[in-house]
Amino acid sequence: MARKKRLNTASVLGKNPVSAPKQTSAGYRTAAYVRLSMEDSGKADGYSLQNQETLLMEFINSHSDLHLHKMYVDNGFTGTKFERPAFEEMMQDMRNGTINCIVVKDLSRLGRNYLEAGNYLEQIFPFFKVRFISVTDGYDSISPDFTDEALIIPLKNIINEGYAKDISIKVSSAMETRKRQGKFMAKNPVYGYLKAPDDKNRLVVDPETSGVVQRIFQMRLKGASPGMIAKKLNEEEIPCPSKYFVLKGISKETKYLNSYWSRSTTNRILRNRMYLGCLVYGKTKVSLAKRVKGYAVPEDEWKVVEGTHEALITKEQFDKVQELLEESALEAKNHASYAEGIVQNLFRGMVRCADCGCAMKMGKFRKAKKGAANAYDYYGLYECGRHKMIYEYSCPNKNIRKEALDQAVAESIRYHINLFLDLERAVSELNKKASVRNSAVGMQGQIRKKQQRAAQIEQMTAGIYEDYQDGILSEAEYLQLRKNYADEGARLASEINELMKRETQCSEQFHAEGNLADIVHRYADFQELNREIIEAFISQVKVHTDGRLTVVFRFDDEMEKLQAIADRRKEEAI
């Protein structure tokens, strides 16, 4: 069976990882990592956060070479995924060299995906020379018995993943059964409701927000658009759902304290059938056991249980609002400015607001031509998606015409193409100079001499051993000579390696080789910008409030390499 692909190791290691930290006389800078899948309820079982922290602190305090740097805690995060806040913070500290030892209660706390957990143990931690300890598993990566322990670790990881899959199947089945019974199983209640004090799986009307929901439906029935509704609610300083739940202590996601009403928020409320008093579930599907990632389910396949809680609106109101929403969507879709092929979005997904980082979405518009009846000019306009949703509660308004963006990026690409070709020609000319060639030849001579000396040392090392065996050298003399030869051999190896690097740099031609060179020569004479060219050169375009653009190119590192080669050639040619 083919080996399954592991996680993207390069993205974890980083493009330019720092030098791995080494143990000092002060010991290991230690990270203690604890994780619990469900938010800690204070239960006194072996997996509660408090028990894990106590176990790790006792272990660290009992080992004089371990010194706690920080306790990293992920409360309420599954072990089947590695995208966890505290874990990612710990990995960044590892890359920065802040920590060089990680301690966990057991391997399942690190993760329950055996491929990814194995990748961390076998590749990432050794790459950064980080010591890893799993206390209850008796696993220590610097232990003399590490090889024997390592044989058991993959099996334990497979068992952990199998346990996670088994739990996933049982939990999914139990939740499906309870939902069919009309039980509300989500973490937070639906806006307009609260969880009943005596039954967290039953919704009751929230007197503070139910009126806001009813008002949103009434405003839409009177002709107000979702955007107008959001603007009005923001003006009246009514907290949006995510902010309200934080203020009430229902949610701990404090990042939502700066959230506001938006068109998408009011739209979601207007389309939510839960306000009819029924439980709607099955909108998405995911299966850990079957390795199925989450995906949206068509609305006609959603499951509904009627009469599970008190309705906030009537069915007539809800149906009328849906008609209005569909009419608005159809009108926008059929508007002449949305005709296919009139305005093409070449930068789809690449243009970002420099202030908030939100995607800049391109709207399509038309303007009547002067002096011509029923004739229009069509144009595209990029606007900040966040600003369009919450207006003055977001970043400053900014926009840019499609024609202006196309022209600016095309000029920037042409400039980089010409710069690359100029540097390439300069390097080629400098390569022809005698002084550059002589520099490379001189280094080759030095390399040969040092390689010859290294070969002599190997022979002499073998010779002194024979002399020691024959009694010509004493043990002390033999050990001293062997140390001297070993030290000289190591120094020569380092010098040879450095000279070979420099010789490679001297002889490097940098002709049309590599991705950037291929792309530059392929599109050197392009006349009109298209999506293919943009994807080849551009990673992202940022739009600033003052109209400036920041164009992020994909191959800045290769451009820097070519510039460095050109600079070296100039020095060598002097």
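Index from 1, following the sequence.
Judged by distance alone, the side chain of Arg531 and the main-chain N or O of Arg348 form a donor-acceptor pair under 3.5 Å. Trp261 places a side-chain N or O within donor-acceptor distance of the main-chain N or O of Ile238, the cut-off being under 3.5 Å. The backbone N or O of Arg29 lies less than 3.5 Å from a partner atom in the side chain of Asn100, making a donor-acceptor pair. Judged by distance alone, the side chain of Gln214 and the main-chain N or O of Leu312 form a donor-acceptor pair under 3.5 Å. Remark: side-chain polar atoms of Asn119 are not paired, donor with acceptor, to backbone N or O of Ile124 under 3.5 angstrom. Between the Ser412 side chain and the Val409 main chain, no donor and acceptor come within less than 3.5 Å of each other. Judged by distance alone, with hydrogens and angles left aside, the side-chain atoms of Ser328 form a donor-acceptor pair with the main-chain N or O of Leu324 at under 3.5 Å. Looking only at distances, a side-chain donor or acceptor of Gln527 sits under 3.5 Å from a matching main-chain atom of Asp525. At least one donor-acceptor pair under 3.5 Å links the side chain of Thr209 to the backbone N or O of Gly192.
The cationic atom of Arg84 (NZ for Lys, CZ for Arg) does not lie both less than 6.0 Å from the six-membered ring centre of Tyr33 and within 45° of the ring axis.
Of the inter-residue distances, the one linking Ser262 atom OG with Leu233 atom CG reads 11.0 Å to the nearest 0.5 angstrom. Atom CD of Glu83 and atom CZ of Phe77 lie 11.0 Å apart (nearest 0.5 Å). Annotation: the span from His544 atom NE2 to Thr550 atom OG1 amounts to 3.0 Å, rounded to 0.5 Å. Rounding to the nearest 0.5 Å places CG of Leu203 at 8.5 Å from CG of Leu194.
Tyr523 and Asn530 are not linked by any side-chain donor-acceptor pair at a separation below 3.5 angstrom, with hydrogens and angles left out of the test. A donor-acceptor pair shorter than 3.5 Å cannot be found between the side chains of His69 and Thr98. Between the side chains of Gln407 and Glu411, at least one donor-acceptor pair of N or O atoms lies under 3.5 Å. Between the side chains of Arg271 and Thr266, no donor-acceptor pair of N or O atoms lies under 3.5 Å.
Taking a cutoff of 4.0 Å between a charged side-chain nitrogen and a carboxylate oxygen, Glu383 and Lys398 do not qualify as a salt bridge. Salt-bridge formation is detected for the pair Glu236/Arg215: a Lys NZ or Arg NE/NH1/NH2 atom is positioned less than 4.0 Å from an Asp or Glu carboxylate oxygen.
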Residues Ile417, Ile519; criterion side-chain contact (heavy atoms from CB on, under 4.5 Å); working and verdict: CA-CA 9 Å; Ile417 286 175; Ile519 291 171; over 6 Å; no
Derivation of the side-chain contact (heavy atoms from CB on, under 4.5 Å) call for Ile313 and Val321: CA-CA 11 Å; Ile313 57 170; Val321 166; over 6 Å; no
Residue pair Gln540, Arg352: steps toward the side-chain contact (heavy atoms from CB on, under 4.5 Å) verdict: CA-CA 7 Å; Gln540 193 177 90; Arg352 295 274 170 181; 3.7 Å; yes
Derivation and outcome, salt bridge (Lys or Arg N to Asp or Glu O under 4.0 Å), residues Arg554 and Glu535: CA-CA 9 Å; Arg554 294 186 183 277; Glu535 289 181 338; over 6 Å; no
Full working for side-chain contact (heavy atoms from CB on, under 4.5 Å) between Glu89 and Lys70: CA-CA 11 Å; Glu89 179 189 357; Lys70 184 177 179 179; 2.3 Å; yes
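Glu253 approaches Val246 most closely through the heavy-atom pair O-CG2, 3.1 Å. For the pair Pro226 and Arg220, the tightest heavy-atom approach, listed with the atom from each and the gap, is CD-NE, 4.0 Å. Across all non-hydrogen atoms, the minimal contact from Phe245 to Pro189 is CZ-O, 3.3 Å. Minimum interatomic distance between Asp74 and Ala86 (heavy atoms only, all atoms of both residues): OD1-N, 2.9 Å. The nearest pair of heavy atoms linking Glu88 to Phe82 is CG-O, 4.1 Å. Nearest heavy atoms, Met90 versus Ala31: SD-CB, 3.8 Å.
For Asp319, the side-chain contact (heavy atoms from CB on, under 4.5 Å) test picks out Lys315, with sequence neighbours left out. Applying the side chain to side chain donor-acceptor pair (under 3.5 Å) rule to Gln218 yields no partners; only residues at least two apart in sequence or on another chain are considered. A search for salt bridge (Lys or Arg N to Asp or Glu O under 4.0 Å) contacts involving Lys402 returns Asp406, not counting sequence neighbours. A search for salt bridge (Lys or Arg N to Asp or Glu O under 4.0 Å) contacts involving Glu316 returns nothing, not counting sequence neighbours. Contacts of Lys195 classified as salt bridge (Lys or Arg N to Asp or Glu O under 4.0 Å), with partners at least two apart in sequence or in another chain: none.
Applying the 6.0 Å contact sphere to CZ of Phe526 captures more than 12 heavy atoms from other residues, nucleotides or ligands. Residue Glu528 qualifies as open at atom CD: its count of foreign heavy atoms under 6.0 Å is 12 or below.
Taking the six-membered ring for Trp and the full ring otherwise, Phe537 and His416 have centroids separated by 6.0 Å or more. The aromatic ring centres of Tyr120 and Phe87 sit less than 6.0 Å apart.
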Contacts table for residues 272-282: side-chain donor-acceptor under 3.5 angstrom, sequence neighbours left out:
residue	atom	partner	partner atom	Å
Asn272	OD1	Met274	N	2.9
Tyr275	OH	Tyr191	O	2.7

